[in-house]
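Some notes on the structure that comes next.
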Amino acid sequence: MKYQWFISPNTQFCELPEPILLESGEMLGNVQVGYRTWGKLNAARDNAVVICHALTGWADADEWWEPLFGPGRAFDPEQDFIICSNVLGSCYGTTGPTSVNPATGCPYGPDFPRITIRDMVRVQAALLEVLGVEQIKLVVGGSLGGMQVLEWAILYADKVEAIASIAASGRHSAWCIGLSEAQRQAIYADPNWRGGLYTIDEPPAAGLAAARMMAMCTYRAWGSFEQRFSRTVQEDGRLAIASYLQHQGDKLVKRFDANTYITLTQAMDTHDLSRGLEDYYKVLARISQPASIVAIDSDLLYPPTEQQELATYMPNAQLSWLHSPHGHDAFLIDMEELNAILVNFRHEQLKRHRSNSRVNGLAPVVRRSPFLF
């Protein structure tokens with residue numbers, strides 16, 4: 001795998017024992033999952049915390065969310081068994097377009113099957129089954145990760161005790177779908193795209209870089225760019241903001257695959273919690289777990305109105321605000337503030353659990369059953 005160099009040596013790999021039935025109806029076998037863990041699974045097998053990463057993320061959550069890890073922090077390895085796995089369809093250890101198709105002996109490339117957020121979550125659930133997890137204290141994630149969190153709450157309601165969805169919506173808007181389609185078209189327009197049948201030596205680098213530059217403009221906000229760059233001109237004569245965007249495009253090309261970008265953005269476009277179920281608001285009303293819904297006041301990509309809608313219709317949800325000039329990416333920038341929100345939410349959950357235990361005279365008994373996928 002070309003991108004193996006980017007995968008941490010601490011990453012573990014699990015080949016799932018059974019094929020995964022995708023929402024498309026296709027069976028996907030020989031699924032490998034790259035994942036990281038911190039802490040230990042307790043004897044009751046009920047202290048798991050699942051972290052779900054964003055679009056171009058990977059399993060090393062202690063790198064991109066480092067300030068949230070540690071004693072007294074949102075994720076405490078002394079108390080929690082923390083799991084973060086690379087999503088299905090990615091290129092950092094989990095089966096995706098860069099993986100070898102066992103039927104052909106060649107990488108899947110553009111022939112990798114269409115997948116959805118639900119498919120990603122079912123793969124994660126299968127991994128947790130292998131790891132012996134029986135109950136999850138918290139599922140948490142931002143952006144694409146937040147979408148997975150919401151699907152976890154519906155698909156495995158009897159297993160998930162609480163959720164925290166950050167800067168995400170319950171269904172992908174026309175705004176987000178349109179932006180993703182524009183990015184995909186930039187990749188398709190690259191002469192090296194070749195219908196997705198490009199070579200390792202000649203990838204559609206210009207197209208992928210342009211897609212990333214577009215995305216970066218939606219991940220930040222007017223105030224963030226103005227504060228950092230304004231109209232500053234560098235010594236080489238280039239505007240600082242233009243140089244920054246080109247740098248971000250080049251960085252992604254070196255660490256990410258174009259077919260993977262297509263696969264994951266298309267999966268995000270399918271995101272709709274009510275798809276195949278019932279009325280959207282009735283589905284939200286079924287999410288009964290205590291939920292922290294975090295909105296970023298400057299988010300242009302997933303505007304706060306979408307998080308307010310979630311918090312309004314989910315019966316046990318509380319809306320928290322991450323105030324930042326940095327836009328959507330604030331959940332990866334203003335991490336001390338985010339940590340405080342999550343720590344407060346977890347403390348409230350612990351108090352509620354202890355209160356319930358006192359009322360009942362003993363700890364609640366939970367019937368254990370395997371994850372179904």
[X]-[Y] co-clustered via ILVMFWY side chain contacts under 4.5 Å:
| X | Y | answer |
| --- | --- | --- |
| Leu300 | Leu55 | no |
| Tyr188 | Leu197 | no |
| Phe331 | Trp64 | yes |

Looking at [X] and [Y], what are the two nearest heavy atoms and their distance?
| X | Y | value |
| --- | --- | --- |
| Leu150 | Ser169 | CD1-O, 3.5 Å |
| Ala182 | Met214 | O-CE, 3.6 Å |
| Ala317 | Ala311 | CB-CA, 3.9 Å |

Please confirm whether Arg171 makes a cation-pi placement over Tyr281, using NZ or CZ under 6.0 Å from the six-membered ring centre and within 45° of the ring normal.
-> yes

Between [Y] and [X], is there a side-chain donor-acceptor contact under 3.5 Å, judged purely by atom types and distance?
| X | Y | value |
| --- | --- | --- |
| Glu161 | Gln349 | no |
| Thr56 | Arg255 | yes |
| Arg114 | Ser24 | no |

Tell me, which pairs form a ring pair (Phe, Tyr, Trp, His ring centres under 6.0 Å) where one or both residues lie in residues 245-278, sequence neighbours left out?
-> Tyr92-Phe256

Can you list every pair that meets ring pair (Phe, Tyr, Trp, His ring centres under 6.0 Å) and has a residue in residues 111-148, with sequence neighbours left out?
-> Tyr108-Phe112

For [Y], is there any backbone N or O sitting under 3.5 Å from a side-chain donor or acceptor partner on [X]?
| X | Y | value |
| --- | --- | --- |
| Glu151 | Asp119 | no |
| His53 | Val87 | yes |
| Asp269 | His172 | no |
| Asn101 | Ala103 | yes |
| Thr94 | Leu88 | no |

His328 and its side-chain hydrogen bond (donor to acceptor under 3.5 Å, both in side chains) partner, picked from Ser224, Ser298, Ser143 | Ser143

How many angstroms lie between CG in Leu338 and CG in Leu68, if you round to the nearest 0.5 Å?
-> 5.0 Å

Distance (rounded to the nearest 0.5 Å) between Arg231 CZ and Ile241 CD1 | 12.0 Å

Write out all pairs satisfying salt bridge (Lys or Arg N to Asp or Glu O under 4.0 Å) with one or both partners inside residues 310-335, taking only residues at least two apart or from two chains.
-> Arg220-Asp329

Lys/Arg N to Asp/Glu carboxylate O, Glu348 vs Lys351, below 4.0 Å | no

Crowded around [X] [atom1]? As in, over 12 foreign heavy atoms under 6.0 Å?
| X | atom1 | answer |
| --- | --- | --- |
| Trp222 | CH2 | no |
| Trp175 | CH2 | no |
| Gln185 | CD | yes |

Evaluate the ring planes of Trp58 and Phe6, with Trp represented by its six-membered ring, and classify them as parallel (under 30°), tilted (30 to 60°) or perpendicular (over 60°).
-> perpendicular

When the aromatic ring centroids of Trp38 and Phe75 are compared, is their separation below 6.0 Å?
-> no

